[in-house]
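Notes for the one structure printed next.
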Protein chains: 2
Amino acid sequence: MASITEDQRLDAVFTALSDPTRRDIVARLSAGEATVKELAERYEMSMQAVSQHIGVLERSGLVSRGRHRQTRPCRLEPAALAVAVSWIEQSRRTWAARMDRLETRLADLQQGAGR
Amino acid sequence: MASITEDQRLDAVFTALSDPTRRDIVARLSAGEATVKELAERYEMSMQAVSQHIGVLERSGLVSRGRHRQTRPCRLEPAALAVAVSWIEQSRRTWAARMDRLETRLADLQQGAGR
DNA sequence: CCCTTACTCAAGCATCTGCTTTATCAAGCG
DNA sequence: CGCTTGATAAAGCAGATGCTTGAGTAAGGG
């Protein structure tokens, strides 16, 4: 079994979001499905290039591809976005907690010096 | 003036977070400052390699470097993390709003069919 | 003063990215 | 059936990335 680690999932999501075209594709898909051709026209880019961007987004779990006639409509999978947010929030909580402790200690020190 | 666009800032932040070593550096720094040498020992990596990772994090605004004796203590700048979260939340809000509208329309259709 | 410590700069190198071009495939149309 | 449309596959290429080695610099210590 080649199960994916949490680190690899985060790698894939942040790598996918590090390109402005792919971020715009995510923003576009948050408003509804789109085909490869529609996206290619939007970015004045070849369908092959878009298809490869979709591949990156698909491997990260951010986007999935369906089938409808000859088209492969792409839709957003917001669960993968939640993975990225929760990782960031974890760091921010730790940092905020440390700041709180520092302030408490500073207040203690000032009170001690004031006596 | 070569002012940085919002897109370039997001590029830099997501690119910085796309590497597992750099994510771990961010997590480590959220618990307090660290020197290049300390990080190099932690990851069993050369100081040069760590210094380059710090450079990527610094250019993204996620980390800043100070000076203390011979060391260059690194500290987290959480404001840059907020930029990434707010971008993601924007997409999620749009998606959530679309889902609400779809549900409303579905409910309307069912009510219409029930009469 | 030399020597060590902590770190950065610069060049080199293997690998990865983003895009291109060419070729191929699957679905529908006349 | 052939032809068009929407999309993927494969190969190639310029540029970026992650790490290395070698050289250099700033701050202390003996």
Side-chain angles (χ1 to χ4, degrees), chain A residues 4-5 7-29 32-76, chain B residues 2 4-5 7-29 32-75:
Chain A
I4 304 101
T5 69
D7 244 31
Q8 290 172 324
R9 172 158 292 270
L10 286 166
D11 274 13
V13 170
F14 283 121
T15 299
L17 294 179
S18 70
D19 181 273
T21 301
R22 285 194 295 262
R23 276 199 305 279
D24 206 82
I25 290 175
V26 168
R28 166 66 188 77
L29 294 182
E33 297 190 353
T35 66
V36 175
K37 196 199 180 196
E38 284 163 2
L39 295 171
E41 284 163 359
R42 182 183 174 90
Y43 305 117
E44 294 182 353
M45 192 181 283
S46 71
M47 279 204 299
Q48 290 91 327
V50 170
S51 190
Q52 283 170 104
H53 279 308
I54 301 290
V56 174
L57 289 164
E58 198 174 29
R59 258 169 266 126
S60 77
L62 284 164
V63 161
S64 65
R65 269 185 276 213
R67 264 180 204 279
H68 180 251
R69 296 173 174 259
Q70 306 102 306
T71 70
R72 307 290 310 273
C74 305
R75 76 175 136 279
L76 191 65
Chain B
I4 304 101
T5 69
D7 243 31
Q8 290 172 324
R9 171 159 293 270
L10 286 166
D11 274 12
V13 171
F14 283 121
T15 299
L17 295 179
S18 71
D19 181 274
T21 300
R22 286 194 294 263
R23 277 199 306 279
D24 205 82
I25 290 176
V26 168
R28 165 67 188 77
L29 294 183
E33 297 190 354
T35 67
V36 175
K37 195 199 178 197
E38 284 163 1
L39 295 170
E41 283 163 1
R42 182 184 173 90
Y43 305 117
E44 296 182 353
M45 193 182 281
S46 71
M47 279 202 300
Q48 289 94 326
V50 170
S51 189
Q52 283 170 108
H53 279 307
I54 301 290
V56 174
L57 289 164
E58 199 174 29
R59 257 169 268 127
S60 78
L62 284 164
V63 161
S64 65
R65 268 186 277 214
R67 267 180 202 276
H68 180 251
R69 297 177 175 257
Q70 306 102 308
T71 70
R72 309 290 310 271
C74 305
R75 74 175 138 282

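Here is the naming used below: chain letters follow the sequence lines, and residue numbers restart at 1 for every chain. Below, all heavy atoms of this structure are taken into account, side chains as well, without hydrogens, waters or symmetry copies.
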Give the rounded distance in Å between these two atoms: [atom1] of [X] and [atom2] of [N].
X        : N       : atom1 : atom2 : answer
Glu41(A) : dT5(D)  : CD    : C1'   : 12 Å
Lys37(B) : dC7(C)  : NZ    : P     : 8 Å
Leu39(A) : dA7(D)  : CG    : P     : 9 Å
Glu33(B) : dA6(C)  : CD    : P     : 17 Å
His53(B) : dC7(C)  : NE2   : P     : 16 Å
Gln70(A) : dT24(C) : CD    : P     : 21 Å
Tyr43(A) : dT20(C) : OH    : P     : 15 Å
Met45(B) : dT21(D) : CE    : C1'   : 16 Å

Taking the side chain as C-beta and beyond, is there a heavy-atom pair between [X] and [Y] under 4.5 Å?
X        : Y        : value
His53(B) : Tyr43(B) : no
Leu29(B) : Leu57(B) : no
Asp11(B) : Arg23(A) : yes

So what does Thr35(A) touch, heavy atoms closer than 4.0 Å: a base, only the sugar-phosphate, or nothing? sugar-phosphate

What is the nucleic acid contact for Arg67(B), judged by heavy atoms within less than 4.0 Å: base, sugar-phosphate only, or nothing? nothing

Closest listed nucleotide, where the reference is the side chain of [X] and the choices are [options]:
X        : options                   : value
Thr71(B) : dC7(C), dT8(D), dC19(C)   : dC7(C)
Ala49(B) : dT20(D), dG18(D), dG29(D) : dT20(D)
Met47(A) : dG6(D), dG28(D), dT8(C)   : dG6(D)

Closer to the 5' end of DNA chain C via nearest nucleotide, is it Arg69(A) or Thr15(A)? Thr15(A)

DNA chain C: 5'-proximal contact among Val56(A) and Ala34(B) (nearest heavy atom): Ala34(B)

Would you say a side-chain N or O of [X] is under 4.0 Å from OP1 or OP2 of [N]?
X        : N       : result
Ser51(B) : dC7(C)  : no
His68(B) : dA27(D) : no
Ser46(A) : dT20(C) : yes

Which donor-acceptor pairs under 3.5 Å do the side chains of residues 62-70 of chain B make with protein atoms, sequence neighbours left out?
{"residue": "Ser64(B)", "atom": "OG", "partner": "Glu77(B)", "partner atom": "OE2", "Å": "2.8"}
{"residue": "Arg65(B)", "atom": "NE", "partner": "Glu58(B)", "partner atom": "OE1", "Å": "3.2"}
{"residue": "Arg65(B)", "atom": "NH2", "partner": "Glu58(B)", "partner atom": "OE1", "Å": "2.7"}

I'd like to know if Gln48(B) reaches the base of dC7(C) with its side chain such that a donor and an acceptor end up less than 3.5 angstrom apart. no

Can you find an N or O donor on one side and an acceptor on the other, under 3.5 Å apart, linking the side chain of Gln52(A) with the base of dT20(C)? yes

With a sphere of 6.0 Å drawn around CZ of Arg9(B), does it hold more than 12 non-hydrogen atoms of other residues, nucleotides or ligands? no

